[in-house]
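Whatever order the structure lists ligands and atoms in, that order sets their numbers, starting from 1. Index from 1, following the sequence. Source: prediction; values computed, not measured. Scope of the values below: all heavy atoms of this structure, side chains included, with no hydrogens, waters or symmetry mates.
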Amino acid sequence: MKARATVHSALDVERIRRDFPILSLKVNARPLVYLDNAATTQKPLQVLNAMQGYYTLSNANVHRGIHYLSARATELYEDAHIRAAQFFGAKSMQEMVFTKNATEALNLAAYSLTQSLRPGDEIVLTFMEHHSNIVPWQQLALQRGLKVRFVPIQSNGQLDVHVLDEMLSERTKIVGVVHASNVLGTINDVKSIARRAHKAGAKVVVDGAQSAPHVKVDVRELDCDFFAFSGHKMLGPTGIGGLYGKQELLERLPPFLFGGDMIREVHATHSKWNDLPWKFEAGTPPIAEAVGLHAAMDYLNALDLDRVHAHEQMLVFRALNGLAKMPGVHVLGPLDARARTGLVSFETPSVHPHDLAEVLNAQGIGIRGGHHCAMPLAEHLNLKNGSARASFYVYNSLSEVDALLAGVKKALKLFG
Ligand code: C6P
């Protein structure tokens, strides 16, 4: 096996690392090598300072008061929607609903979209999905008599779109697809999937949790109907994510959560909903987190996502080549680094991924082992113990990839 990629670094990692003091930690007397970015990324000082600045000088509730601080907090909260809408190429902030995370965004889409479906209607998902883009559909399908079908994965780590074509029919109402797999790293051709799904009359829901941080996303170019993301995987704080939705669809959908701020009028027997996007944002929202997310998106814009992707390809290329040379290691997903985001998962049949993660932790290296919240994928690929996963980001360097490779070698020897 030989991995292929364009090899050039596009980011000044040394300078970037100065924005992330946490990366200077020592773990087990070794420099921390943080390779669990698909779970969550570290936060730059710019994000931390923006959030502290908000609480220090601008804190109030939003959309509720006419006093100075409430107006200021409201402006900051709405500015964050505008930035997020721009970041993903949405038409306006009406199309950008903030949620707690990608999971909540996918639950919102699943709940609201399935309310009008009838028994026998079909939802097509893929075996590459994270539980967050399976379980909501599965549970609503059980309640409403819907059928969920799964597109298989080919041996090259890509979806079998011919099977998708065969599955699509007038019964298909929704196609749910992960943009980038959190296990295989595969970047799916969402644009072509959306074209196929729309031809059948289905709506397309994209799980962008693992693509939004790593590649430039333009929802209008992809022509997806919904796109979910999490702020904490893209340098932002936990507690905030979002759902992009085409305005005309969001206008028609029923709300998911009910309460304050999402209403225009409430009477004893009925209520009327607020304008978009507030119709889908019930209760006091994550205001400081929105300010942090805004700063994170500014930070990523300044780095340029094309350069972020190029940098990650360089790291993945090195990791793929190193792992491919090791006997007893089986790399998952596409062998071409250009078809991937910045993560590499691999199986080591002689070492349980949790043991491998522990040996690496003793060397200061943080990776994730297990099924990565994608059990149907592990079953589909017959991965009994799951896999080990190293996931990279803007602050990771080639020498950290080398530390990973040396660590894996050591673990294999230890257990070999
Ligand atoms: N995957 C991982 O280590 P939340 O938890 O809502 O922020 O993200 C959920 C989610 C949805 N889709 C994909 C493709 C994901 O990878 C995740 C989160 C983490 O792989 C935690 S399990």
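The protein atom (non-hydrogen) at minimum distance from atom 3 (O) of ligand 1 is R368 NH1, 2.5 Å. Here the protein heavy atom with the shortest distance to atom 15 (C) of ligand 1 is H130 CD2, 3.3 Å. Of all protein heavy atoms, the one closest to atom 11 (C) of ligand 1 is D207 OD2, 3.4 Å.
Looking at ligand 1, you'll find an N or O of R389 within less than 3.5 Å of one of its N or O atoms. Ligand 1 has a nitrogen or oxygen under 3.5 angstrom from a nitrogen or oxygen of K233.
Below 4.0 Å from some heavy atom of Q210 lie the following atoms of ligand 1, by number and element: 1 (N), 14 (C), 15 (C), 16 (O), 20 (O). Residue C373 approaches ligand 1 through these ligand atoms, each under 4.0 Å from one of its heavy atoms: 22 (S). Taking every heavy atom of V178 and a limit of under 4.0 angstrom, the matching atoms of ligand 1 come to 14 (C). Taking every heavy atom of S230 and a limit of under 4.0 angstrom, the matching atoms of ligand 1 come to 4 (P), 6 (O), 7 (O), 8 (O). Interface atoms of ligand 1 facing T103, defined by a heavy-atom separation under 4.0 Å, are 4 (P), 5 (O), 6 (O), 8 (O), 9 (C).
With salt bridges taken as basic N to acidic carboxylate O contacts below 4.0 Å, one links K216 and D306.
The minimum heavy-atom distance linking N61 with P285 is given by the pair OD1-CD, 4.3 Å.
Between Y393 and H214, the gap from one ring centroid to the other is short of 6.0 Å.
No hydrogens or angles considered: nothing links the side chains of D19 and Y395 as a donor-acceptor pair under 3.5 Å.
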